[in-house]
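Throughout, a chain's letter reflects where its sequence line sits, starting with A, and its residues are numbered from 1.
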Amino acid sequence: MGMILPEWINTLIRLVIPIGIILALAPVGMMYLTWLERKVIARIQDRVGPNRVGLYGLLQPIADGIKMLTKEDVVPAGADPICHFLAPVIIVVPALFLFTVLPFGPRLVAASLTTGLLFFVAIGSLGTLAIFMAGWGSRNKFSLLGAARTAAQLIAYEVPLVLSLVVVPMIAGSLNLVEIVRAQQGRWFILTPWGFTGFFLLLTAGLAEVNRTPFDLPEAESEIVAGFHTEYSGMKFALFYMAEFLSTLAMSGLISVLFLGGWMGPLLPDWLWMSLKTFLLIFVMIWIRGTFPRFRIDQLMGFAWKVLLPVSLANILGAASCVLIAGFWGNLLAALLVFGTFLVTTQLWLQPKPQLTTRWVQVGSS
Amino acid sequence: MSDRVIYLFLGLFGLAALVVPLLPVVLARFVAPKRPGQEKLKPYECGMEVEGDAWVQFRMQYYLFAILFVVFDVEALFLFPWAVIFRAAGIPGLIAIGAFVGILALGLIYAWQEGALEWE
Amino acid sequence: MRIYGLELLRGLTITLGHFINSYTIGFRRTFRNRMRGQVRQHPADKGVFTVQYPDERLRVPERFRVLPVLIFDGKKGEQWKQETERCTACGICAKVCPPQCIWIVQGKDPATAKPVAKASEFFIDADVCMNCGFCAEYCPFDAIKMDHNFELGAEERHVSHIFDINKLHVSTEYYAETHPKAWGEEQVRRKAEADKKAATAAAAKKEAPPA
């Protein structure tokens with residue numbers, strides 16, 4: 001093959017194949033994620049979940065897709081049509097980009113960037129822009145309120161998210177996701193004190209970053225209808241869900257790469273291990289959704305700035321102590337640092353506020 | 001693959017990825033019905049008469065958090081290069097970055113004290 | 001000093017318990033109920049609670065009432081006849097009906113064309129009926145009873161939901177099946193009444209011998 005085809009065609013084929021695989025598999029994965037989510041949530045609530053369309057309701061996502069396709073696309077009269085049209089397009093593309101850097105095996109990665117981790121974070125936060133475009137472009141109060149809240153939430157959780165990631169390159173010595181998995185050869189990062197904390201920090205901040213319950217304030221039905229996508233219908237509405245589920249999938253993939261040893265595991269092939277870990281994390285996310293009620297907005301902001309941020313800073317120090325004071329004492333110091341910070345910040349955050357007392361002043365009695 | 005090929009790949013991927021959202025939207029344009037109406041195209045307000053414009057000023061709180069975000073996101077950006085060479089930089093590097101993070105942490109404590117982190 | 005977050009973990013174990021129970025207990029229960037041919041729901045039950053409606057149905061309580069039906073003495077599948085019809089077209093049910101959804105036409109003797117104590121037409125507007133059951137309470141002839149059938153959906157209301165006398169008539173056998181307890185009590189009462197009647201008739205016969 002190599003001698004018949006010129007070099008550039010060879011390169012092109014090698015470029016096109018992963019593009020095709022990702023673009024074909026990601027939407028399918030997303031569709032079945034909706035099915036999985038509905039099934040798991042149903043079981044948690046003692047229900048059965050979709051089971052009418054096909055065996056075990058397996059054709060339900062396809063039926064939903066067809067339904068969405070045949071729904072009218074309403075654009076409000078006062079809306080900014082360009083903003084309104086571009087927002088769902090712009091939100092899906094970065095979500096797809098996230099899969100290019102995720103390694104499913106030592107060689108099964110579309111783009112083994114040296115700055116893979118940073119690329120993931122940078123691309124991942126582009127969604128905020130699209131959400132704000134959707135909120136602004138709809139010219140609807142609920143949309144704008146939802147978008148403003150989303151922006152506030154996403155930037156609040158972006159900080160602990162990025163800071164919880166810092167510990168990984170500190171130990172692995174690289175930002176390349178393949179190298180990071182290789183560095184976990186002997187021991188998965190979750191089994192270290194700083195990795196354990198980092199895992200939970202990343203899971204929490206990641207949940208907030210992909211707008212999942214209990215951090216789904218942007219779409220809080222009971223308060224602001226559907227948040228930023230109130231004015232979207234039909235296929236454009238579906239694209240927002242697509243982006244959300246794709247980001248969830250990618251975020252679970254990232255967590256398993258960084259802390260759960262990525263593709264590593266005995267017996268089974270690389271890609272299967274990676275997929276299993278990703279789906280385990282997705283199950284955990286759905287499980288969390290089935291358990292906790294939604295945050296209130298002030299609790300949400302308080303949690304990000306007052307608890308997650310200090311704890312993630314302490315975790316960086318903990319990781320440093322783990323390396324510099326090797327052995328048991330380093331680990332103990334790291335654990336104490338993180339746990340102490342957590343205790344202090346939660347006390348300070350949740351301590352009962354002093355009651356406001358009203359002082360009555362008589363007017364004009366000087 | 002060299003980095004240059006990877007960036008070429010990412011560029012191609014970006015173009016190809018546009019198909020995923022655009023294809024269904026364009027397809028829906030042919031399949032979906034189109035019956036606009038004056039009432040239907042009004043902004044959704046739970047069935048109430050639309051009052052005033054949606055494009056209004058935001059409250060101050062959002063700007064405050066945005067500034068905090070800029071501060072800490074830039075900090076995180078500076079942490080990444082240090083994190084990669086963390087082992088080589090050793091204790092002196094840790095002290096340097098510790099001072100940097102410490103100043104920002106003091107800033108966070110100050111902001112907390114001043115009530116900048118309260119939402120009400 | 002409190003450690004926050006522990007209750008969150010406890011909450012997670014509760015939902016995980018429900019998730020697992022829905023598979024383990026749900027399966028056993030479903031199998032058992034299929035054997036029994038019914039679906040049971042009890043507050044103490046664990047596992048899946050869903051009743052897969054068209055395939056599975058909960059048994060309704062005997063006193064469950066939807067629309068009134070007319071009773072005729074006979075077996076299931078038989079056609080009602082003027083002789084077996086219990087209704088006497090007295091019109092009490094139409095009078096007590098709060099939303100006034102009953103319309104009765106008195107029947108005629110086919111031979112002599114004289115009015116008889118039988119209904120020839122009987123209409124109930126199913127959408128006006130408020131399912132109170134007054135008609136069944138007031139009927140002196142046990143001719144109108146409340147039925148269990150709640151699957152009354154139709155695509156229009158002006159024809160399908162005006163129930164006529166043919167649609168309303170059900171056999172005593174059907175009623176005995178759906179309301180075993182009420183039917184048994186009714187049998188006892190009717191028998192006592194008949195005995196009493198026979199006794200008084202016999203006494204009257206003895207007292208006043210034919211001249």
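Among the candidates B/A105, B/G14, B/P24, B/G90, the residue making the largest number of heavy-atom pairs closer than 4.5 Å to chain A is B/P24. Across B/V31, B/L27, B/V19, B/V20, the residue that shares the most heavy-atom pairs under 4.5 angstrom with chain A is B/V20. Of the listed residues (A/G65, A/S143, A/A148, A/P88), the greatest number of heavy-atom pairs within a distance under 4.5 Å of chain B belongs to A/A148. Ranking A/A77, A/G234, A/S174 against chain B, the residue ahead of the rest is A/A77, based on heavy-atom pairs under 4.5 Å. Of the residues considered (A/K236, A/Q299, A/E158), A/E158 shows the highest number of contacts with chain B, using heavy-atom pairs under 4.5 Å. Among A/L163, A/V101, A/L324, the residue with the largest count of heavy-atom pairs under 4.5 Å with chain B is A/L324.
Counting non-hydrogen atoms of neighbouring residues, nucleotides and ligands closer than 6.0 angstrom, the CZ atom of B/F78 reaches no more than 12 such neighbours.
Heavy atoms closer than 4.5 Å to chain B are found in the side chain of A/V92, but not in its backbone. Only the side chain of B/L22 comes within contact range of chain A, with heavy atoms under 4.5 Å apart. Of the atoms belonging to B/A66, heavy atoms from both backbone and side chain fall under 4.5 Å from chain A. Contact of B/V101 with chain A is made through the side chain alone, with heavy-atom distances under 4.5 Å. The parts of A/F97 that come within reach of chain B are both its backbone and its side chain, each placing non-hydrogen atoms under 4.5 angstrom from that chain. At a 4.5 Å heavy-atom cutoff, the contact between A/L117 and chain B is made by side-chain atoms alone. Interface remark: B/F69 contributes backbone and side-chain atoms alike to the contact with chain A (heavy atom separation under 4.5 Å). The contact between A/L309 and chain B is made entirely by side chain atoms (from C-beta outward), counting heavy-atom distances below 4.5 Å. Looking at A/T230, only its side chain comes within 4.5 Å of chain B, counting heavy atoms on both sides. The contact between B/L108 and chain A is made entirely by side chain atoms (from C-beta outward), counting heavy-atom distances below 4.5 Å. Looking at B/L94, only its side chain comes within 4.5 Å of chain A, counting heavy atoms on both sides. Both the backbone and the side chain of A/I155 come within contact range of chain B, judged by heavy atoms closer than 4.5 Å. A/M68 does not touch chain B: none of its heavy atoms, backbone or side chain, sits under 4.5 Å away. When heavy atoms are compared at a cutoff of 4.5 Å, B/L68 approaches chain A by way of both its backbone and its side chain.
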Report task. Determine, step by step, whether A/L313 and B/E75 satisfy the side-chain contact (heavy atoms from CB on, under 4.5 Å) criterion, reporting the C-alpha distance in whole Å, the side-chain angles of both residues, the deciding distance to 0.1 Å, and the verdict. Result -> CA-CA 11 Å; A/L313 283 175; B/E75 173 200 359; 3.6 Å; yes

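Looking at heavy atoms from C-beta onward, A/L113 lies in side-chain contact with B/L10 at the 4.5 angstrom threshold. When side chains are defined from C-beta on, A/T115 does not count as touching B/F80, because their heavy atoms never get closer than 4.5 Å. Side-chain contact between A/L96 and B/F13: present, with at least one pair of heavy atoms (C-beta onward) separated by less than 4.5 Å. A heavy-atom distance below 4.5 Å is not found between the side chains of A/W305 and B/W112.
The CG atom of A/L317 sits 11.0 Å away from the CD1 atom of B/I97 when rounded to the nearest 0.5 Å. Rounded to the nearest 0.5 angstrom, A/S312 OG and B/L79 CG are separated by 10.0 Å.
Across all non-hydrogen atoms, the minimal contact from A/E72 to B/P33 is CG-O, 3.3 Å. A pairwise comparison of heavy atoms in B/A16 and A/I19 identifies CB-CG2, 3.5 Å as the closest pair. Closest approach of B/R87 and A/I171 over heavy atoms only: NH2-O, 3.1 Å. Residues B/V25 and A/M235 share a closest heavy-atom pair of N-CG, 4.0 Å. Nearest heavy-atom pair, A/A320 versus B/F86, reported as atom, atom and distance to 0.1 Å: CA-CZ, 3.5 Å. Nearest heavy atom pair, residue B/F9 against residue A/P18, reads CE1-CG, 3.9 Å.
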